[in-house]
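Only one structure is covered here, and it is reproduced in the block below.
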Amino acid sequence: MSKDSGSKPSIQQIFDSMEYGPVSEGKSLAEAWLLDNVENFGPFINGKMKSSPQSEKTTLVSTGVNFSVCFMLDKDEDYSASVSASSNAFSKWAELDGHERASIIYSIARQLQKHISLLCEVEALSRGVQVGNVRELDVPAAIRTFYYYAGWAQLIKTELKEWKPHGPVAAYTSGSAPLSSLAMIIAPALAAGNTITLLPHVSNCLSALLLAHICTASGVPPGVINVVPQDHSDEMLCPVVHDNQVRKVAVVGSPCLGRSIFSNTLDLQQNHVMLLNGCVPMIVLDSADLDAVVDCVIDAAWINQGQDPWALRLLIVQESVYSALKSKLTARIKSLKTGSTFEKMADVSHSVADSSISKKLKEMLTIDPSSEVVKPSASNSDDWAPTVIFSSAPPSVPVLRAIDVCPAVHVVAARSAKEAVGIANHCGGGMAASIWTESSAFAWESALQMQTSTVWINSHGLLDASIPISGRNFTGSGSFLGKEGLLEFLKPSSDSTAYLLQSYPSASTSLLPLVPSATEISAVDQTYKLFYGGGHKRPNSNTYRTVLGANGESIAVVPEANRKDVRNAVEAAVKVRQGWWKRGSHNRAQIIYNLAEKLKARESHFARCLQTLYQNLDLKKCEQEVNECVNLLFHFAAICDKAIQSTSQVANGGLPVVVMREPLGVIGVVCTATACSALADLITLIGAAIAYGNVCVVVTDLERSTPALELAQLLEVAEIPGGVINILSGGAISLLPTLGGHMDIDAVWCTGHLHKLSAILKEEISKSNLKQNWVMERVLSPLKHRHVFEMKASQSKAIWLSGLASFGS
Amino acid sequence: MVVLNPGCELDLGWLNSIHVNTAAVHQRAANLQSRKAVKGPYQAAWLLRAVTCIDLTTLGGDDTDSNVMRLCAKACRAVSEDMLEALGFEAGNIQTAAVCVYPAKVPIAVATLKKMKMENKINVASVATGFPSGQYPLETRLAEIRWAVEKGAHEIDIVVDRSLVINKLWVDLYQEIQKMKEACGSAHLKTILAVGELGSFDNVYKASLVAMMAGSDFIKTSTGKEAVNATIPVGIVMCRAIKDYWTRTGYQVGFKPAGGIRTAADSLAWLIMIKEELGNDWLNNKMFRFGASGLLGDIERQLHHHITGRYASATQFAMG
């Protein structure tokens with residue numbers, strides 16, 4: 001009705017035109033809430049907002065209402081106040097009985113339900129997205145998440161006895177992060193007994209403040225939740241990251257934010273859980289319902305204005321239906337209506353809270369002028385508008401730096417399902433993907449081949465509190481939601497080690513730098529070689545080192561690997577990565593049993609080898625360690641087909657979801673000379689890696705490498721497929737950066753000196769793929785910590801099947 | 001000017017390319033309902049438009065001349081004159097599109113409308129071809145059409161033989177409907193698919209296409225006698241088939257949901273769906289009809305509420 005906006009049309013005119021009229025959503029509750037608090041806005045610490053002097057305030061203009069909120073960002077003071085508040089509150093909160101915490105979290109869910117309208121309005125104007133979207137998705141998701149984790153708080157003391165909370169948690173959310181992402185941090189963190197400092201972007205802090213307020217009103221003690229809005233674009237990162245009181249850091253949102261926080265947290269006690277925006281693809285095969293695809297694309301790409309981390313970015317269409325889909329999609333995009341936050345009839349909101357979004361879109365459109373760009377025909381070109389780009393190739397992903405993705409959809413063609421999956425796996429994503437086809441065979445095959453933690457079949461963007469979602473590769477690490485999301489905020493309460501020698505002789509061996517004298521070599525030369533790709537290989541450097549015992553006698557002569565040997569070993573591992581997983585769990589178990597059998601047969605040989613290494617240790621003790629290794633291998637063989645966190649279930653709303661565990665891929669295992677049990681540690685880490693379907697590249701420090709090099713010879717006999725286990729001896733510390741920075745390595749596990757290893761690793765990881773890292777002073781016992789090993793050695797994949805629809809009637 | 005659908009060759013390749021995702025269709029229906037709304041004067045105008053799209057229907061075993069006559073009278077004065085005036089409409093401008101009756105009641109309906117001088121404004125539609133089951137010999141089914149047309153029916157609502165759809169005998173279905181089209185002559189052919197008995201949305205979509213290829217002027221959801229009648233999801237499927245056919249052949253085919261549409265809110269939901277799926281070209285009684293008997297009464301109540309701000313009782317309005 002834009003033509004006669006001055007005068008209202010008569011009923012007869014509307015009868016003739018059959019146009020929609022304007023329908024506005026209510027915003028009075030949000031306005032009243034803003035007005036009530038206008039004087040108080042500021043950081044929320046110890047249960048109340050701390051207002052700051054009017055003169056020095058930063059202005060935050062809310063979209064959708066003519067209202068501005070001002071407050072001052074005083075980083076240092078507020079952060080330290082907030083962190084010390086959450087440290088002080090921690091012990092009391094953590095000690096609460098599970099039921100008491102459950103009651104409080106349950107109250108939060110109840111309170112949220114009572115204030116749905118207010119929450120929707122505040123969230124919508126905080127982010128500039130439409131109220132309808134928030135009411136349909138974010139707010140129900142947040143409420144469901146609190147209910148779900150209230151349940152875990154109740155069960156935690158009985159079902160997760162051997163776990164304890166980390167302590168104070170810091171959580172960063174960028175300007176585009178939805179309310180539901182706050183819930184998926186706060187709810188599990190509270191359920192587990194942690195305290196939280198939320199650090200939302202200042203442009204999007206209103207809903208965080210409201211949420212904290214509601215939590216406090218529901219009985220969360222002061223200090224347990226604190227909110228300190230901040231401007232993440234500020235060069236000086238907040239001091240909380242360096243604060244060693246903070247034990248866990250959660251990040252949701254922009255990849256730039258995630259990376260900068262990661263690289264600035266060099267404190268080793270902290271670990272990260274991150275979900276970062278990345279390219280999310282949708283594959284459309286020729287057996288898809290194209291009309292349904294068009295509907296889904298609109299929602300997948302632009303609900304919440306495309307700001308969700310799982311918003312669609314790349315549409316890969318089978319060539320045979322490309323033009324049909326293109327015309328349908330073009331027609332729909334052109335007819336989309338954009339409008340303000342509170343305009344119900346607008347399909348997508350055009351008010352952008354985060355001004356960088358429209359800037360990014362403009363940049364993107366100038367990059368590839370050959371593409372065909374489609375926008376809503378009614379949209380004002382100055383506004384942000386939903387944009388589809390039909391281009392010949394997916395947008396080029398910057399390889400050297402993280403960029404925030406732009407909320408536009410690229411459409412490209414693929415010849416087959418296989419090629420489409422290939423394109424999807426090369427687009428720089430890792431969190432989620434969707435596939436449209438009415439053929440279940442294609443759907444399953446594609447879902448299994450997709451390298452993402454979530455695959456939606458014939459849908460997109462569905463989430464449920466009980467189903468984990470995680471970022472892989474560049475889109476994060478760790479899991480959100482589900483039981484996995486809870487365990488992120490817990491750690492094992494005891495650290496029983498894999499196998500601990502009672503009297504461990506420290507630093508018994510050393511290295512001789514140069515060529516040994518002739519007398520030190522045994523009668524028949526025993527030449528160890530590096531072992532990778534199933535073969536014994538001379539070191540690239542052509543250098544061998546002599547290992548000396550405590551009394552200066554020669555124990556062994558071992559090859560010294562350099563970074564090129566690491567490269568070759570990783571290449572060998574990558575080749576068999578798929579094959580090892582595809583063998584299936586039964587076959588992997590058989591192979592590991594076989595290794596145990598062969599090790600047992602050479603028990604005395606390995607015991608003597610250990611005795612030589614440990615020097616003054618009783619042979620019996622060494623035999624014990626070998627026997628323990630046989631036990632460990634039996635354990636790993638046993639668990640191959642017994643994943644704990646693998647379920648098929650019906651998520652909220654009656655949707656069947658299959659959650660399975662997938663291997664990480666290539667795991668770098670580093671055993672330094674300070675490691676505890678030379679063989680048992682090695683067997684534990686290798687066993688865990690391969691049992692869960694990973695392949696590994698092991699680097700052991702030269703001084704402690706003989707058991708590993710002996711094991712290498714056993715691998716051939718035990719018929720472990722070449723490339724699955726690769727063993728190198730070399731300077732562990734000097735090779736660690738090569739492993740940490742290698743983009744084909746998906747996780748690095750180290751045992752040895754905590755601080756030194758972590759510092760090297762984080763430096764490398766922050767610049768490469770966000771690979772999982774697991775640094776341990778002592779290797780945990782896999783028998784007692786099966787959960788931990790499963791989480792570290794495998795990752796979840798959730799496959800969402802399309803919903804039930806009573807066969808259409 | 002609307003071009004009548006002449007039909008086209010049966011295209012089995014086209015049928016084989018059809019895939020309908022049931023869950024997604026239901027999601028679309030739910031989204032349309034929650035995201036779109038028509039309020040205030042817009043609602044009043046849309047409801048009046050809905051009235052003009054009604055095929056006011058009586059299809060009872062106990063139909064007699066008297067209730068058919070009353071139905072015709074109601075069709076002529078669908079909304080009371082004072083309410084029309086209050087809404088800014090000229091009296092006598094709002095009628096239902098047609099009355100819909102059994103073949104045997106065509107003569108009385110035609111005569112009544114003629115008496116009321118409404119024969120050019122309100123069509124008489126007759127069901128035929130062994131309504132509602134279609135389980136009769138083709139010969140007698142075709143004879144029903146010819147008889148009704150001869151007695152003055154302008155539109156024939158035929159039922160398809162569901163067994164042909166269930167067994168995917170598309171060629172036979174196509175040929176049967178073609179013969180029915182021929183029997184209709186100049187009368188409009190409205191093909192009832194009885195979607196509640198077709199088993200899947202794929203079948204609904206394909207049967208819709210075959211009906212259009214065979215020359216149907218309208219496709220219609222249900223007889224009103226099946227367990228499941230007109231639902232918005234099935235309407236979406238049929239509208240998508242109509243759009244598909246229109247895109248490929250250039251012929252506009254009409255759509256008629258029937259059965260279970262009882263409230264003003266239902267009618268608005270259907271109009272919104274039509275607007276979103278097919279566009280404004282379909283928002284008139286040349287292209288869209290409601291098969292309904294009770295709907296009109298509820299629309300009158302809502303219009304009354306719009307005008308007065310007070311809720312109305314059904315007994316205030318003339319019985320159809």
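Hydrogens, waters and symmetry mates play no part in the numbers below; they use all other heavy atoms, side chains included. So you know, we letter chains A, B, ... as the sequences are listed, proteins then strands, and number each from 1.
- B/Ala44 and A/Ile11 make their closest contact through CB-CD1, 4.0 Å (heavy atoms, listed as atom of the first residue, atom of the second, distance).
- Taking a 6.0 Å sphere around CZ of A/Phe442, one finds it holds 12 or fewer heavy atoms contributed by other residues, nucleotides or ligands.
- Proximity to chain B is absent for every atom of A/Ile298, based on heavy atoms less than 4.5 angstrom apart.
- Heavy-atom pairs under 4.5 Å with chain A peak, among B/Gln27, B/Gln43, B/Arg28, B/Glu277, at B/Arg28.
- Summarising the geometry of A/Gln12 relative to B/Gly88, their closest heavy-atom pair is OE1-O, 4.3 Å, with the distance given to 0.1 Å.
- The pair B/Arg35-A/Asp299 counts as a salt bridge, with a side-chain nitrogen and a carboxylate oxygen less than 4.0 angstrom apart.
- Taking every heavy atom of both residues into account, B/Ala24 and A/Trp436 meet most closely at CB-CH2, 3.7 Å.
- Among the candidates B/Leu271, B/Asn280, B/Ile236, the residue making the largest number of heavy-atom pairs closer than 4.5 Å to chain A is B/Asn280.
- Residue A/Ser459: no heavy atom, backbone or side chain, is found under 4.5 Å from chain B.
- The two atoms that bring B/Glu276 and A/Tyr20 nearest to each other are OE2-OH, 2.7 Å, heavy atoms only.
- The candidate with the highest count of non-hydrogen atom pairs below 4.5 Å against chain A, out of B/Lys36, B/Arg240, B/Lys39, is B/Arg240.
- Applying the salt bridge (Lys or Arg N to Asp or Glu O under 4.0 Å) definition to pairs two or more places apart or across chains, those involving residues 196-208 of chain B are B/Arg162-B/Glu197.
- Around the CZ atom of B/Arg248, the shell of radius 6.0 Å holds more than 12 heavy atoms that belong to other residues, nucleotides or ligands.
- Listed by chain and residue number, nothing satisfies the ring-ring contact (aromatic ring centres under 6.0 Å, His included) test with A/Trp310 (two or more places apart in sequence, or in another chain).
- When side chains are defined from C-beta on, A/Lys8 does not count as touching B/Pro41, because their heavy atoms never get closer than 4.5 Å.
- Neither the backbone nor the side chain of A/Gln130 comes within less than 4.5 Å of any heavy atom in chain B.
- When B/Ile272, B/Asp244, B/Asn93, B/Leu198 are compared by the number of non-hydrogen pairs under 4.5 Å with chain A, B/Ile272 comes out ahead.
- Applying the 6.0 Å contact sphere to CD of B/Glu85 captures no more than 12 heavy atoms from other residues, nucleotides or ligands.
- With values rounded to the nearest 0.5 angstrom, B/His19 atom NE2 is found 8.0 Å from A/Leu290 atom CG.
- A distance of 15.0 Å separates CE of A/Met18 from CH2 of B/Trp282, quoted to the nearest 0.5 Å.
- Closest approach of B/Asn21 and A/Ala292 over heavy atoms only: CB-CB, 4.4 Å.
- For B/Ile94, the part lying near chain A is the side chain, with the backbone staying farther off; criterion is any non-hydrogen pair under 4.5 Å.
- Counting only residues at least two apart or on different chains, the salt bridge (Lys or Arg N to Asp or Glu O under 4.0 Å) pairs with a member in residues 329-345 of chain A are A/Asp295-A/Arg332.
- Between A/Val23 and B/Ala37, the shortest heavy-atom distance links the atoms CG2-O, 3.8 Å.
- Atom CZ of A/Phe15 is separated from atom CG of B/Asn284 by 9.5 Å, given to the nearest 0.5 angstrom.
- Proximity to chain A is absent for every atom of B/Lys243, based on heavy atoms less than 4.5 angstrom apart.
- Put simply, CD1 on B/Ile18 and OG on A/Ser287 are 13.0 Å apart, with the number rounded to the nearest 0.5 Å.
- The stretch residues 320-328 of chain A places none of its residues near chain B, where near means some heavy atom under 4.5 Å from a heavy atom of that chain.
- Within a 6.0 Å radius of CH2 in B/Trp14, other residues, nucleotides and ligands contribute more than 12 heavy atoms.
- The part of B/Thr52 that comes within reach of chain A is its side chain, from C-beta onward, which places non-hydrogen atoms under 4.5 angstrom from that chain.
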